[in-house]
Amino acid sequence: MASESPAQTVQRLFPLLAAGKAEEAAALFADSVSFSIPHPPGIPWVPEVDSARGMQTFFELLGTHVQAKEFDLRQVVADGDDVVLFGRMLSEVKKTGRDIDTAFALHTTVQDGRITRYHLYEDTYAVAQAYYGDDA
């Protein structure tokens, strides 16, 4: 049996997250993870993360605070261990009922079958508007 490509490993993540399976999603990550999501101060679903366990906490917090509505993966670019995904996400902040509608780029790295990098880039102003409203 041929081993899974880095792109295949990363793409297994999204169905698990859509099903609310934080523990199973976190199992795709290595013991040490480079995690980065630039975000406005005070956003409660973006913790400090450096491990698979931290990724599980992140996924659980995300599910507590945000309801996914649409996820459109538009392009996957793979080069060796690096996989960059481009798409659009529409989510609702549960606290406010406001939507976050943003394009995103997710830069991941897979080594030895486990994800070691998770760097998400999105419209931080849209996140702030959805969470803080006019006070953003």
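Keep in mind that the numbers below use all heavy atoms, side chains included, and drop hydrogens, waters and symmetry copies.
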### Message
With side chain to side chain contact (heavy atoms under 4.5 Å, CB included) as the criterion, how do Asp99 and Lys69 come out once you've worked through the C-alpha distance, each side chain's angles and the decisive distance to 0.1 Å?
### Response
CA-CA 9 Å; Asp99 286 343; Lys69 289 181 162 182; 2.9 Å; yes

### Task
Just do the ring pair (Phe, Tyr, Trp, His ring centres under 6.0 Å) check on Phe71 and Phe104 with the steps written out, would you?
CA-CA 10 Å; Phe71 181 82; Phe104 72 88; 5.5 Å; yes

### Query
Could you go step by step and tell me if Thr116 and Thr108 meet the side chain to side chain contact (heavy atoms under 4.5 Å, CB included) rule?
CA-CA 7 Å; Thr116 61; Thr108 63; over 6 Å; no

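Between the side chain of Thr96 and the backbone N or O of Ala130 there is at least one donor-acceptor pair closer than 3.5 Å. Between the side chain of Gln11 and the main chain of Gln8, no donor-acceptor pair closer than 3.5 Å is present.
In terms of hydrophobic clustering, with Ile, Leu, Val, Met, Phe, Trp and Tyr side chains grouped at heavy-atom distances under 4.5 Å, Phe14 and Phe86 are assigned to different clusters. Linking ILVMFWY residues whenever their side-chain heavy atoms come closer than 4.5 Å, directly or via other members, leaves Phe29 and Val84 in distinct clusters. Met55 and Leu61 fall within a single hydrophobic cluster, where Ile, Leu, Val, Met, Phe, Trp and Tyr are joined by side-chain heavy atoms under 4.5 Å apart, directly or via other members. Tyr118 is not connected to Val77 by any chain of hydrophobic side-chain contacts under 4.5 Å among Ile, Leu, Val, Met, Phe, Trp and Tyr, and they are in different clusters. Both Val10 and Leu17 are part of a single hydrophobic cluster, where members link through side-chain heavy atoms under 4.5 Å apart.
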When the side chains of residues 44-54 are checked against the rest of the protein, which donor-acceptor pairs come out under 3.5 Å, sequence neighbours left out?
from, atom 1, to, atom 2, distance (Å)
Ser51, OG, Arg53, N, 3.4
Ser51, OG, Gly54, N, 3.1
Arg53, NH1, Gln56, OE1, 3.3

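By the 4.0 Å N-to-carboxylate-O rule, Glu92 lies too far from Arg98 to be salt-bridged with it. The existence of a salt bridge linking Arg117 and Asp81 is excluded, since no basic side-chain nitrogen approaches an acidic carboxylate oxygen closer than 4.0 Å.
Crowding of Lys94 atom NZ: a count of heavy atoms from other residues, nucleotides or ligands under 6.0 Å exceeding 12. A 6.0 Å sphere centred on CD of Glu23 holds no more than 12 heavy atoms belonging to other residues, nucleotides or ligands.
Partner of Arg88 under the salt bridge (charged side-chain N to carboxylate O under 4.0 Å, His left out) criterion, chosen from Asp101, Asp123, Asp72: Asp101.
Contact of the Lys95 side chain with the His65 side chain is not registered, since no non-hydrogen atoms from C-beta on lie closer than 4.5 Å. A 4.5 Å side-chain heavy-atom check between Tyr121 and His119 finds at least one atom pair inside the cut-off.
Looking at Asp82 and Thr109, their side chains do bring a donor and an acceptor atom within 3.5 Å of each other. With hydrogens and angles left out, the side-chain atoms of Thr102 and Glu122 include no donor and acceptor closer than 3.5 Å.
Residues Ser91 and Ala68 share a closest heavy-atom pair of OG-CA, 4.0 Å.
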